[in-house]
Amino acid sequence: MFLSFLQSAIRFSAIFLFGSVGETLTEKSGNLNLGIPGIMCMGGAGGLIGAAAYIKSLENISQMNGPSVVIIAMITAMLFGGLGGLIYSVLTISMRCNQNVTGLALTTFGIGLLAFVGGTVDTTGFTTVAVYFTKSFPFEEKLGGFGELFFSYGALVYIAFILAIISAVVIKKTRVGLNLRAVGENPATADAAGVSVTNYKYAATMIGSMIAGFGGLFYIMDYLGGNIEYSVDVYGWMAVALVIFTVWRPNWAILGSIIFSMLYLAPNYLDVSFAQKEVIKMMPYLVTIVVLVITSIVSKKESQPPASLGVTYFREER
Amino acid sequence: MAKSVAIQLKGISKYFGEVVANKNVDLTVYKGEILSVLGENGSGKTTLMNMLSGIYFPDEGQIFVDGAPVVIRSPRDAYQYGIGMVHQHFKLVDVFSAIDNVLLGEKAPEFALKEKSAELRERAAKATYVIDNDDTEAPVKTVRQTDTAFGRFRLNARIALLPLEKALYKARFNWLPRKRGQKIKEVAAKYGFEIDLNKKIYDMSVSEKQTVEIIKVLYRGADILILDEPTAVLTPQETQKLFDVIRNMREDGKSIIIITHKLNEVMEISDRVAVLRKGEHVATVNTAETDINELTEMMVGRKTELNIARALPENEQDRLEVSNLTLVNHENVKVLDNVSFTAHSGEILGIAGIAGSGQRELLETIAGLNRPTSGTISYNDPTTGKKENLVRKTPAQIRELGVRLSFVPEDRLGMGLVGNMDIIDNMMLRSYKRGKLPFLDRKNPKQLAENIIRDLEVVTPSSHTPVRRLSGGNIQKVLVGREIASAPTVLMAAYPVRGLDINSSYTIYNLLNTQKERGVAVIYVGEDLDVLIELCDRIMVICAGRVTGIVDGRKAKKEDIGLLMTGSVEIKEKEGCAND
């Protein structure tokens, strides 16, 4: 019972992980992208379009090639997520619009786009596609509980964990990460040191959005098994909260996302009333507020948000 | 030592709109020397050096590095020519360690594919094997590597793999090594810096931060270092340490340019002194052949006649008495040190001093924006005749008494006006609290705005134009106009003519004079000594937060004020015209 709870929590954590790793990368560059929930929706919509287009190109559904459909859906999800990031970047970096307003507008747009695509796209064969997305390692069953805990997931779950680790290493251990952090902390200093603030902001925001786009794809194709549901943005907001919860560290996001998904799924495994269920579902947000309070009391400089988060950089303004 | 030229400036000019920042400046810097660039505020020292470091681009003239003409368009260009500048405001990332700050933005040396493969080919063509046959008959044979099939294969394989090598090289550079501080530590040790490079910037003192900035410039390979007012923030001990390091750098053959206005330090550290005045180069002299008096004279220059009308003060009364005012800011620096003076009604009291000597803090403290650490500010109310202590009052209460601060800091729109609002709305910033109804009264402010536009000749399409669209002079007129409209008893103006052309400046002087004739106590913080001498009745000189003297504006000589400003001389009397 507990094993299957843990297993589904780890599986479900991927959606938070995609969202928060994408948002962390973006925020490290000083862009507070509140469009992440919408961008996750856009990624989901992109995945649906990619899969539907692939199915349409076949004469018969039985001809479907598993790896192809997974890769095509991933590429289209990435493109749509990246497109969201591009819109956000052009508006906030090049045209210097307000980041919060832009982000919220993008979220509204993304939710609408997913609803539109989900309602119009031909869903025939999606359940078959979902089978490929959830396909786990063949040796999983031979390993018993251990296999169930570590090898029972679809490819996207592993990709989420790998991306989180890569992001953490890049941010912490490389010059690219050093420059990126400087851009988010003090863009004027980075600029003076010869770092292209604009390029870094664009790249971080777009790569972050591509990663977040996978979140929507994972939710629909893997977690829901190909059934379209439009509540992706709810998990997007939790991912944004998770960024604060993990004090802007993608490696901590792995643990954080598992905790969040455990809190979110716990009611299903407990014998509790509806009201109690809803209270437990509130926990992630409560925990985030507590973390915010703690970090601001401790006021350790390293656990503060990037210093120029949400501020538009403009070189001539000195 | 044979002197060779490091940098030469020829005929450099820079204009900001109508304002001349630098005009036809010639300057030569030699290798292995310390050059001081000396001048008053606004004499164009920093602007000139910013053109060397790539912040500004000169409008006229040519820069030569090592004898060759160069174009410097960005700080990156400047680094390329070995010019590095340490600015007054440090550019450091707070949450990074010193090492990370130095490494920030460093680019890998170019991995040139073509050159590398050409080099490999060349080497292979020269490489030879010696084939020593054991069959003694055959002679020892030498074979070129490129003559054998295996040798050619090895060469081609190496060349084919070069892109991979390049990628590996890039990746290795991009990886922050665990020992990444080694080279930086070597640089620091070489010049005798004492600093923990793993310390985070937010834990550092100002002097340590400055050290990091200098190390950064040196690590990037600068041969010419420009230090902008390096000692302004340092204690005497730290200054001595810095000077030791600067001397080490000179021994190493580097050229160091120090922008300063502290004469004693000029005498102590520099080999030569270049003096700037009003954007023009006055002279460059050898430090050993000059003295403080001569430098002061060069710095302030002869008096120029401005013909600002100045009436004799009438009916003077003590309006504002400041005594023993001390203010310690949150960085624990004494910005005001035991300041005492009296401002009279019907006179203009000028405040002279090097920028940042505490002028701004003094006015802010009087206006109630800062709470002084000790001392009193007492105000004699002309209507009631009562004495009021301003220290315990809020800014709103102080304003109610008629003390007006028309503050004009570095950016005009920062304090006092809201750039995106029109002139009427800006008038309302002072009147919105009046009236009992929750609705705003727009009629009177509109009337006031139109009066100001008419009386002060503000050039604007209408009173509905956002003030940020107006020119600097017109913004200034709106600000000063609003403050005097409320019939103040004390009017404080800080740098009200900064950046204005001559005509606008005179309008402002006339405004202040009108106020003085109405019996207002005017306090004017200015930069231009000529203006202070012609406009003010008395001039108070402050240096590093201390009052070094109060002189009579009608009798004072420019050189004397200059000496007071740099703290070389001090007039001990508390009050009076001790200058003769």
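Order of the sequence lines sets the chain letters (A, B, ...), proteins ahead of strands, with each chain counted from 1. The shown structure was predicted, so the numbers you read here are calculated from the model rather than taken from an experiment.
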I'd like to know whether the aromatic ring centres of Phe137(A) and Tyr158(A) sit less than 6.0 Å apart in this structure. yes
Salt-bridge test for Glu106(B) and Arg175(A): reply yes if a basic N is under 4.0 Å from a carboxylate O, no otherwise. yes
Val102(B) side chain near Phe96(B) side chain, heavy-atom distance below 4.5 Å: no
Against chain B, work out which of Lys172(A), Lys173(A), Glu185(A) has the most heavy-atom pairs shorter than 4.5 Å and name it. Lys173(A)
Checking Arg172(B) against Trp175(B): charged group under 6.0 Å from the ring centre and within 45 degrees of the axis? no
Bottom line for Val170(A): the part with an atom under 4.5 Å from chain B's heavy atoms is neither
So which part of Phe173(B) gets closer than 4.5 Å to some heavy atom of chain A, the side chain, the backbone, both or neither? both
Among the options Leu104(B), Val95(B), Leu103(B), pick out the one with the most heavy-atom pairs lying under 4.5 Å from chain A. Leu104(B)
